> 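The following block contains the structure, expressed as C-alpha cells.
These figures come from a predicted structure and were not determined experimentally. No hydrogens, no waters, no symmetry mates; every other heavy atom, side chains included, goes into these values.
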Protein chains: 2
Amino acid sequence: MPSVTLSDVAREAGVSLATASRAINGSANRTVRPELRERVLAAAAALHYSPDANAQAMARGRTTTIGLIVHDIADPYFSSIAAGVTAAAEQAGLMVTLASTGHDPEREIAFIEVLQSQRARAIVMAGGRTDDEAVNDRLRAALAAYRAGGGAVAMIGQPLFDVDTVVIENAAGAADLAGALHGAGYRRFAALAGPAGHLTARDRMDGFAAGLATHDAALSPEHIVRSAFTRDGGYEGMRQLLESGAAVDVVFAVNDVMAVGAMAAARDAGVAVGTGIGIAGFDDIVTLRDLTPSLTTVRVPLLEVGTAATELTLAEPALEPRIQQVASTVVLRDSTPPRT
Amino acid sequence: MPSVTLSDVAREAGVSLATASRAINGSANRTVRPELRERVLAAAAALHYSPDANAQAMARGRTTTIGLIVHDIADPYFSSIAAGVTAAAEQAGLMVTLASTGHDPEREIAFIEVLQSQRARAIVMAGGRTDDEAVNDRLRAALAAYRAGGGAVAMIGQPLFDVDTVVIENAAGAADLAGALHGAGYRRFAALAGPAGHLTARDRMDGFAAGLATHDAALSPEHIVRSAFTRDGGYEGMRQLLESGAAVDVVFAVNDVMAVGAMAAARDAGVAVGTGIGIAGFDDIVTLRDLTPSLTTVRVPLLEVGTAATELTLAEPALEPRIQQVASTVVLRDSTPPRT
DNA sequence: TTGTACGCGTTATCAT
DNA sequence: ATGATAACGCGTACAA
C-alpha cells in the first residue's frame, strides 16, 4: 500500500530523481557528492524505501533471476543439486526460481517459457532425459527460443541439447564400479536397469557392461531387469530377480534409491544383503550413507555439479557448447563385501 | 536480442497496442472481435512473441512470484516442504523463488528484503527458530515491512511471529510417541535433545516429557544430552550417552536425521538397535523409510505442510493470524520392538 | 468493439 | 556533479 518510490525519496531528500537513483544504486561511476549521498540514503531509510526489482529490470534490461528446472525437488538427487545452484546463485547475487516438473516434459517446456517471460538470465536444467525425440525436439525448440532471447542454458546430465552441459560420468563410473566389484571377487552379475528409454540409466548400464567386459565377465540378458527409476522400481525389480531364481552374487542398481528398494526386497525375501547377495547403487546420496549394510555406490558430487552448472551459465558465452565432466568415484562399502 | 514486443505484434497484426494486449492476455472482459483476436494471436505466434513478465508486473501492479525461504534445501525435511510449495504454487499459476539460507538469520533477513524488492506476492518461511530474541525481532521487523507493502507471509513451525502459521504438532506428537513407547514396554528413557535454544527441539522435548509424565514415567536430566540438530549431532550425542554407561532402554532423538546418527553410533559401539536399545526419531523422512532396523518416528506430512502454507498465503488476508495445525502421528517400527 | 494516451518505477542519455 | 527527460514493455481508463 504505502509503496514508496524513488521519487518520494528524491523529494524527501530535496534532490532530483536522477541523483537519488545514482546515490542509491551506487553504480560504477557514482558521481554524487558525499553530502547529497548521505541525505538521499537517510531519506530512503526514513521512508523505508525498497527498490522495485521489476522496474529496475525493465530499465536496466536485465534481471537478477536464474531458473532451475528439476524433475522432483523432494528427490535427494535434485535437492543436492539445488543446494549447489542456490549457493552459486547467491554468490553471484542472483535469485533462483525453482520449478519441479514431476518428470513431465510438457511442464518442463511450460516452465522454460515462463522463465523466458521473466527474462531470467539463465536456466539450469537437471534430470535424466529419455530417447523420445519428439519431446526432445520440442524441448530443443523451447531452449533455442530462450537462448535467442539472450538467455544462457546449462544442462546437467548428458550432452543432448547442444548447450553447455555438466556431464556426469555415468558410463565411466559404472565401468569402474564393475571393475571394483570384479576385483572384490564377484562373478555373477545382475542389474536393475531402470526404464528402457532413460538415457542416464542406459549410460550407466552400458558402462557397467563395458567394465565387466574388460574383465572377461559379462551380464547375461536374463539378469537385466527393467523397472522404474525409483525406490519402488528397485524393490519390484529385485523381487522379480529373486523370484526368477537367477544365480547371482551381486546386483547393480542404476541409482541409489533403486538400490534401497532392492535391499528392502532382498530382506523381505529373506536374503541377507552383503553376505547373501551384494547390492550396489549409483549417486552416493548423502541421506543414505547410514544404511545397513552401508551401500556400495558411485559417488557423484551433486552439490558441485549444481554450482558448476550455474557458473557455466554465468560465464562468457562461448561459441561452442562447453562440456564439463565431473568425476564420479567408486565407494565400496558393506553391501558388497569382498567375496573370497 | 530480437526482443519482440507487443507493439511489434500489434503492428504485424494491423491493430492497436491496446487491442493486441486485450487479445493476448485475454483478461476477464475480452472485448475483442474473434477475427482480430485471431490475427493478433497469429502475429504473436509468427513473431515468437513472449510477454515480458516484468513489464506486466509493473503495469498490473502485482507479480506472479512467491518466495520460499528454508534453512537448507538439501535437507530432506525442507525439500519435502519445497515439493509441496512448488506444487501448490504451480496450481495457483505462481513461480517460486527459492532461498536456502544455511541456517543464517542474516541471510534470512536479506532474502526477505530481496523478495520484497521483487514484490513477491507471498513468502513461505520454513525452519526451526531459536529463542534469540534479538534476531527474532529483526526478523519480525523485516516481515512487518514486507507485509506493510502488501505481501502475505506464512511460517511453518511454531506460531512465533504473529503471522499465518502452519503449526506442526511437535509437543503432541512427541507426547504420543512417549505414550506409545511406554505402551511397548519401555521404561528407561533417554533423549537426544538438540541444541538448547532450538524451539522445535524444545517443543518436542517438552512434549515427550509430558507424555512420559502421563504414564508416571520420567526422563532424568542426566539422560538428556544436547547436541547439534544434525546427523552428526545425533551420532555424537548417542556416543556420549553410551559412554556414560547410562542404563537406558530407549532413546528419543528429536528428529530423524539425529536418530540416524544415533543408530550409527550405537552400531559402532556394538550395541544392537532394536533388541539392544530402542531408538526413535521425529519427522518420518521418506528417504529414511528403508533403514534397518526401520525407524520408529512421528510422521509429519511435510508435503501437505508445504501446500497448506502456500494456500494460507494465497487466501484472503484475515484480521487475525491464522493458525493451522497439522496432525503428526506415531509410527512404531522395528527400532523399538515391543519390550516384554 | 477499438484506439489514444497515460502511468507503473527505474535507469540512462544528454544538457547544464 | 546535478537535473530534466526519454525510454523500458505493458495494462487500462477514457474517449471515440
> Can you tell which of Val163(A), Thr165(A), Asp164(A) makes a side chain to side chain contact (heavy atoms under 4.5 Å, CB included) with Phe161(A)?
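Only one of Val163(A), Thr165(A), Asp164(A) forms a side chain to side chain contact (heavy atoms under 4.5 Å, CB included) with Phe161(A), namely Val163(A).
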> Quick check for you: among dT2(C), dT10(C), dC10(D), whose closest atom lies nearest to any side-chain atom of Arg22(B)?
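In terms of side-chain proximity for Arg22(B), the closest of dT2(C), dT10(C), dC10(D) is dT2(C).
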> Between Leu17(A) and Pro34(A), which is nearer to the 5' end of DNA chain D once each is assigned its nearest nucleotide?
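Nearest-nucleotide comparison on DNA chain D picks Pro34(A).
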> Side-chain N or O of Ser16(A) versus OP1/OP2 of dA4(D): is the shortest distance under 4.0 Å?
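No, outside the criterion.
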> Taking only the side-chain heavy atoms of Arg60(B) (C-beta and beyond), determine which of dA1(D), dG11(D), dC10(D) contains the nearest atom.
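Closest nucleotide to the Arg60(B) side chain: dG11(D).
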> Do Arg119(A) and dG9(D) have a side chain to base donor-acceptor pair shorter than 3.5 Å?
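No, no donor-acceptor pair under 3.5 Å.
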> Give a yes/no on whether any side-chain N or O of Thr19(B) is located under 4.0 angstrom from OP1 or OP2 of dT2(C).
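Thr19(B) to dT2(C) OP1/OP2: no side-chain N or O under 4.0 Å.
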> With a 4.5 Å heavy-atom cut-off, do Ile73(B) and Leu98(B) have their side chains touching?
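They are in contact (side-chain heavy atoms under 4.5 Å apart), so the answer is yes.
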> If only side-chain N and O atoms of Gln56(B) are considered, is one of them under 4.0 Å from the OP1 or OP2 phosphate oxygen of dG11(D)?
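For Gln56(B), the contact criterion (side-chain N or O under 4.0 Å from OP1 or OP2 of dG11(D)) is met.
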> Does atom CD of Glu133(A) have more than 12 heavy-atom neighbours, drawn from other residues, nucleotides or ligands, at distances under 6.0 Å?
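Yes, because the 6.0 Å sphere around CD of Glu133(A) holds more than 12 heavy atoms from other groups.
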> Of the listed nucleotides (dG9(D), dT11(C), dT2(D)), which one gets closest to any side-chain atom of Asn25(A)?
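Among the listed nucleotides, the one closest to the side chain of Asn25(A) is dT11(C).
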> Is Arg33(B) near enough to dT1(C) that one of its side-chain N or O atoms lies under 4.0 angstrom from OP1 or OP2?
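Result: no.
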> Between dG3(D), dG9(C), dG3(C), which nucleotide gets closest to the side-chain atoms of Ser3(A)?
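For Ser3(A), the side-chain atoms sit closest to dG9(C).
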> Which residue lies toward the 5' end of DNA chain C, Leu36(B) or Met58(B), if each is placed at its nearest nucleotide?
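Looking at DNA chain C, the more 5' nearest nucleotide goes with Leu36(B).
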> Apply the test side chain to side chain donor-acceptor pair (under 3.5 Å) to residues Thr310(A) and Thr307(A): give CA-CA distance (whole Å), side-chain angles for both, the deciding distance (0.1 Å), then the verdict.
CA-CA 5 Å; Thr310(A) 305; Thr307(A) 65; over 6 Å; no
> Side chain of Thr5(B), heavy atoms from C-beta onward: which of dG11(D), dG9(D), dT2(D) has the nearest atom to it?
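Comparing dG11(D), dG9(D), dT2(D) against the side chain of Thr5(B), the answer is dG9(D).
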> Between Ala18(B) and Ser7(A), who's closer to the 5' end of DNA chain C by nearest nucleotide?
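Here Ala18(B) is the residue nearer the 5' end.
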